[in-house]
Amino acid sequence: MGDTVYLNGAFLPLAQATIPVLDRGFMFGDGVYEVIPVYNGQAFRLDEHIQRLQASLAAVRIRNPLTTVAWRAMLLQLIAENKALQDQSLYLQVTRGVAPRDQAFPPASVAPTVFAMSMTLQTPSTALVQSGVAAITALDIRWDRCNIKAISLLANVLLRQQAVDEAVAETIMLREGWLTEGSSTNVFVVAQDKLLAPPKSQHMLTGVTYDVILELAASHGIAHLVAPVSEAQLRSADEIWITSSTKEILAIISLDGQSVGQGQPGPLFQRMYALYQDFKNQYMRHTR
Ligand code: PDD
């Protein structure tokens, strides 16, 4: 955990960063967030994360308190302040601000609360990448606006704990017989040498990593199809992958106790993992 955080215009030690209990983030989970990986001091796909933040803010009608230029400057300074950390995972959140408790929006004069911090980025170990991980399935009990990166994450918390309780890495969700995503990841499936991905919809968060994977598939001639993935396709898949900013790409080798494919990370996973690492390294060199 980096010691210096950002709160409402100032950089300060974490221990001094406090907010009033009437903050609507605390009262209602009324806010949105982002998680941005930083490799070797370079924020990965920073503009895409700032764009998604803007889309989340617009969707919940919170005025964006900072310009794109100001977001960039603040986050770059936060990275610099915490440069003692090797790779970083930036967390930022914006809430609708502090006001007497009432579900209705507060007056426009109430300023959004802006908080950002940096943690050590812990990508999966080489051993985990090579072995793959297990997952379970569960009904998607969330709301109909999962495309908003909202801080109200109670359903995700319960779903993720289900995975922890069963000593597996992730809970993969199904809604009316269709794959949506993991509790904090997107999900890809490989069937008959083709990569399948559920399309963007209000039932899943469009991951920045999800977009990178599809771009890499397109630019390297990997057969892929963005279309709804049924429970039957998920259960009979040759490969299943989960993706996120912090997990990058991980292979699921067992689902609800059943082996996925050969029960080890498959050939397309190996290829995409290598492409992703190359892309990351190239990208970092370019933005230097
Ligand atoms: N989670 N779907 C959900 C529900 C998520 O929470 C996340 C990310 C993703 C992947 O998005 P991205 O590739 O942009 O990280 C998909 C973050 C890491 C989190 O909540 O910690």
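Each ligand, and each atom within it, is numbered from 1 in the order the structure gives.
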message = Ring of Phe44, cation from Lys280 - is the NZ or CZ under 6.0 Å from the centre and inside 45° of the axis?
response =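 Cation-pi check for Lys280 and Phe44: fails.
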task = May I ask you to check if Arg96 and Phe105 form a cation-pi contact, with NZ or CZ under 6.0 angstrom from the six-membered ring centre and within 45° of the axis?
result =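 Cation-pi check for Arg96 and Phe105: passes.
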request  = Could you walk me through whether Arg235 and Asp256 pass salt bridge (charged side-chain N to carboxylate O under 4.0 Å, His left out), step by step?
outcome  = CA-CA 9 Å; Arg235 294 200 185 280; Asp256 293 333; 2.9 Å; yes
task = Would you check, one step at a time, whether the test salt bridge (charged side-chain N to carboxylate O under 4.0 Å, His left out) holds for Glu34 with Arg52?
result = CA-CA 8 Å; Glu34 278 297 322; Arg52 186 172 64 184; 2.8 Å; yes
Crowding at CD, Glu215 (>12 non-hydrogen neighbours, <6.0 Å) =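 More than 12 heavy atoms, drawn from other residues, nucleotides or ligands, come within 6.0 Å of this atom.
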Within less than 4.0 angstrom of ligand 1, does [X] place any heavy atom?
X      : result
Ser183 : yes
Met204 : no
Tyr91  : no

Proximity of [X] to ligand 1 by residue part, where a heavy atom lies under 4.0 Å:
X      : value
Val35  : side chain
Thr185 : backbone
Arg52  : side chain
Cys146 : neither

ask   = Are Phe115 and Tyr6 near enough that their ring centres are under 6.0 Å apart?
value =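 No, ring centres 6.0 Å or more apart.
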ask   = Backbone or side chain, does any N or O of Glu181 fall under 3.5 Å from an N or O of ligand 1?
value =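 So ligand 1 has an N or O lying under 3.5 Å from an N or O of Glu181.
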request  = Report the member of Leu159, Ile213, Thr209 with the shortest heavy-atom distance to atom 13 (O) of ligand 1.
outcome  =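 Among Leu159, Ile213, Thr209, the closest heavy atom to atom 13 (O) of ligand 1 belongs to Thr209.
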query = Side chains of Ile222 and Met272: does their closest heavy-atom pair fall under 4.5 Å?
reply =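 Contact flag for Ile222/Met272 side chains = yes.
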